[in-house]
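Since the model is a prediction, treat every value here as computed from it, not as a measurement.
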Amino acid sequence: MKHPTQRDSIFLEDARILEHHAYPGDQHILRLESPRCAASARPGQFVHLTVDPQRPMRRPISIMRASAEEGWIDLLYKQVGEGTRLLAARTTGEFLSSLGPIGTPFEIREKRPLLIGGGVGMPPMIFVAESLKGSEHQPVVILGSEVPFPFNPHPSQILLPGVPDGVIATMPLLDDWNIPCRLASQQDMAGVHQGYVTDLARHWLNSLDEQARNEVGLYACGPHPMLESVVSLAREFALPVQVSLEEFMACGVGGCAGCSVEVQTENGPAMQRVCVDGPVFDGYRVF
């Protein structure tokens with residue numbers, strides 16, 4: 001079922017670049033003045049940007065944060081091709097044509113959401129976490145990266161039972177929000193779990209008693225192999241799971257069907273569009 005805001009609140013805006021920061025690993029965080037998008041955006045949605053006047057094909061980028069009060073959105077992206085190389089060259093004060101917010105958002109149903117983000121799949125999880133500040137939910141966040149994180153990891157001030165000794169690094173912003181977070185990487189980084197995000201998630205899940213574990217739901221965004229592992233983990237513990245898929249897109253608004261994936265439905269397999277039928281799907285239906 002499509003969320004009611006999906007098609008009637010996709011806005012075309014000339015979004016002014018307010019900030020544009022570069023980080024190691026060809027990563028960038030972009031803050032855009034985009035008040036109509038910011039007022040409607042929900043975690044899991046994305047914008048479709050024109051990266052340069054010479055490149056009419058837009059690029060989909062997940063929303064990491066949105067301030068309805070101040071009218072801005074934050075985007076994290078990695079420079080991987082010509083389009084994102086051109087985007088990385090854009091400077092403060094310039095304008096980008098933006099369509100958004102687009103897509104079906106995450107729906108947080110469980111008391112203990114476990115939010116797992118890998119690489120450029122981190123932004124939706126950060127957005128979910130921020131949306132749960134001060135709520136009855138008790139989120140735990142696990143972020144993974146194979147390049148330096150696009151923030152300075154700090155020792156967390158929040159105790160998180162169930163994670164291995166010495167795994168203490170967090171994203172400082174999440175500590176500020178009083179949301180427990182731990183980091184994972186195959187690289188050797190201080191305070192970071194050396195391994196996969198799912199390995200760290202399994203440690204935490206195994207530490208819970210049956211009652212607490214029954215209150216957990218998994219939410220994830222990242223590369224396909226990571227998402228497959230997250231869904232396998234959900235099956236292992238018999239937990240609900242939602243995933244946000246990353247696919248190449250042309251139109252981004254459901255017209256071309258170029259981003260279609262096979263989804264299991266009550267009537268059997270069907271092709272659905274990641275841009276508007278997703279990007280968030282029930283993980284069991286796609287993996």
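- In this structure, the separation between CG on L208 and CG on N214 is 10.0 Å, given to the nearest 0.5 Å.
- E107 CD to R42 CZ: the interatomic distance, rounded to the nearest 0.5 Å, is 4.5 Å.
- A salt bridge is defined here as a Lys NZ or Arg NE, NH1 or NH2 lying under 4.0 Å from an Asp or Glu carboxylate O, and E94 with R16 fails to meet this definition.
- Using a 4.0 Å cut-off between a side-chain N of Lys or Arg and a carboxylate O of Asp or Glu, D199 and R202 qualify as a salt bridge.
- In this pair, H28 and Y77 present their aromatic rings parallel. The plane angle is below 30°, not in the 30 to 60° band.
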Step-by-step side chain to side chain contact (heavy atoms under 4.5 Å, CB included) determination, N178 to I158:
CA-CA 7 Å; N178 200 34; I158 302 171; 3.8 Å; yes
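- One distance of note links CD1 of I63 with CD of Q45; it measures 6.0 Å at 0.5 Å rounding.
- Under the 4.0 Å criterion applied to side-chain N and carboxylate O atoms, E215 and R112 are assigned as salt-bridge partners.
- Taking 4.0 Å as the cut-off between side-chain N and carboxylate O, R213 and E210 do not count as a salt-bridged pair.
- Residues S145 and M189 share a closest heavy-atom pair of O-CE, 4.2 Å.
- There is no path of hydrophobic side-chain contacts, each under 4.5 Å, that joins I17 to F46.
- A pairwise comparison of heavy atoms in W204 and P161 identifies CD1-O, 3.4 Å as the closest pair.
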